[in-house]
Protein chains: 2
Amino acid sequence: MTTEEKIFNAARIVFQKKGFAGARMQEIADEAGINKAMLHYCFKNKQQLFEAVFMKAFSQLAPQINTIFNSEKTVFEKITQFTHDYISFVIENPFLPQFIIQEMNNNPEFVMSILNHENRPNPTLLIAQIEKEIETGIIKPIKPKQLLLDIFSMTVFPFAAQIMVKGILHLSDTEFKQMMEERKTIIAQQIINSIKK
Amino acid sequence: MTTEEKIFNAARIVFQKKGFAGARMQEIADEAGINKAMLHYCFKNKQQLFEAVFMKAFSQLAPQINTIFNSEKTVFEKITQFTHDYISFVIENPFLPQFIIQEMNNNPEFVMSILNHENRPNPTLLIAQIEKEIETGIIKPIKPKQLLLDIFSMTVFPFAAQIMVKGILHLSDTEFKQMMEERKTIIAQQIINSIKK
DNA sequence: ATCTTTATTAACCAAAAGGTTAAACCAAAC
DNA sequence: GTTTGGTTTAACCTTTTGGTTAATAAAGAT
């Protein structure tokens, strides 16, 4: 592992745990097991290091969504596949959702600039498809954007609010993980069940 | 408005926008229109000022939940009332969910200590009730905790991830607010529809 | 009026944090 | 072996930040 990779991984860990404002360059250096000056040798400054980490995190999440949303499947198939794949991915990266949401709120300008080009999550095609299937009579007349919001809410929220969820529902780490495993299939069933005609 | 109230309100605004680590005492003082030394005259230090703000925020959210969850209504009525009332409240305090979730993740020790006494959200009664209604045959056989998680996810997530949601679904402030108004009734319909026998 | 207590401020302080520098290290090239 | 280039570090610098202090203003009490 190159020094740059060591720094990047350390930065990812610290930024995801503490957020941009709470993270300390010294802590990142310690985590990486190198001198603080090396951070600035490899990355210009804290902001740029953070942007590298954030961009990576975001670019891991976003394209997945598009691939599924813009495939040739039916809406029901897409919902089933998305919830399953997304939860599988986030179980392996449980800090990502909270990290992205938090920094989006604390740093909207920077994040919006990312959202404006690249392979950002783009639901327009899926929305059109939902409208079509509503006309065809496959799906009940609902608002597509509300449906999308439901899907995202049910998949992402439990991870974003992980600590609170564990606290209120009295879940151990393993119980939580097991609930999330169940959700891989439950969510799609539940949603499809409530919108199919 | 007393000076202490001015400080508290200013602190609430700044903490909710920037989080604990990102907030600056000077910024809070400016927001309150007073000298920085007054902060320390009224509140011992940043941590205590933050805890006051956080506690207030949390104590606004939590008891509401209990009142509804432990009332004498049916599960369907509780779901309907909770989603409606909760969204109404959060529309007026749109920064609260993200604020609480963020600080829970960044400061778990402190927050868990709050979750351990007081009138914390306690779903045990509601869970028992759900199990009973499943036996009675009113509700399909589902896992109560998954149901609770669905309800929270659908109500809270859109506010916690507000910026991202607006960005991805291309919503203006008013469009977002209108969607949330709709959700006051949509969510309960959707959930009840998918779990009633 | 004067004294005492409570608010409020400007100026200051020490520690923390991000960032820089100049020197040391260490490989490969000659 | 010495030079040359990129790495790495210890020590240092500057700015920011939370927090303090000592002096001032305002408000009650006597």
One should read off an interatomic distance between E182(A) CD and I87(A) CD1, to the nearest 0.5 angstrom, of 11.0 Å
Polar atom pairs between nucleotides 5-7 of chain C and protein, under 3.5 Å, N or O only, would you list them?
unit_1	atom_1	unit_2	atom_2	d
dA7(C)	OP2	Y41(B)	OH	3.0

In whole angstroms, how far is the C1' atom of dT8(D) from the CD atom of E4(A)? 15 Å
Set of ring-ring contact (aromatic ring centres under 6.0 Å, His included) partners for F50(B), sequence neighbours left out: F15(B), F20(B), F54(B), F99(B)
Indicate, with a heavy-atom threshold strictly under 4.0 Å, whether L39(B) touches base, sugar-phosphate, or nothing. nothing
Salt bridge check, K145(B) against E175(A): does any charged N sit closer than 4.0 Å to a carboxylate O? no
Does the gap between the ring centers of F82(B) and F152(B) come in under 6.0 Å? yes
Quiz question: by atom type and distance under 3.5 Å, do the side chains of D85(A) and Q81(A) form a donor-acceptor pair? yes
Could you state the interatomic distance from CG (N106(B)) to CD (Q102(A)), rounded to the nearest 0.5 Å? 4.5 Å
For atom CD of Q48(B) and atom C1' of dG19(D), their distance in whole Å: 14 Å
In whole angstrom, what separates H40(A)'s NE2 from dT7(D)'s P? 18 Å
What's the verdict on side-chain contact (heavy atoms from CB on, under 4.5 Å) for I101(A) and F157(A), showing C-alpha distance, side-chain angles and the deciding distance? CA-CA 10 Å; I101(A) 291 173; F157(A) 178 79; over 6 Å; no
What is the distance, to the nearest angstrom, from the CZ atom on F43(A) to the P atom on dT20(C)? 16 Å
So, are D150(A) and K143(A) salt-bridged, with charged N and O less than 4.0 Å apart? no
In whole angstroms, how far is the C1' atom of dT9(D) from the CG atom of D30(A)? 14 Å
I'd like to know whether CD of Q178(B) has more than 12 heavy-atom contacts from other residues, nucleotides or ligands below 6.0 angstrom. no
Spacing between N45(B) atom CG and dG19(D) atom P, to the nearest angstrom: 5 Å
N/O to N/O distances under 3.5 Å, protein versus nucleotides 12-17 of chain D:
unit_1	atom_1	unit_2	atom_2	d
dT17(D)	OP1	R24(B)	NE	2.6

Which whole-number value in Å describes the distance from N35(B) CG to dT24(D) C1'? 12 Å
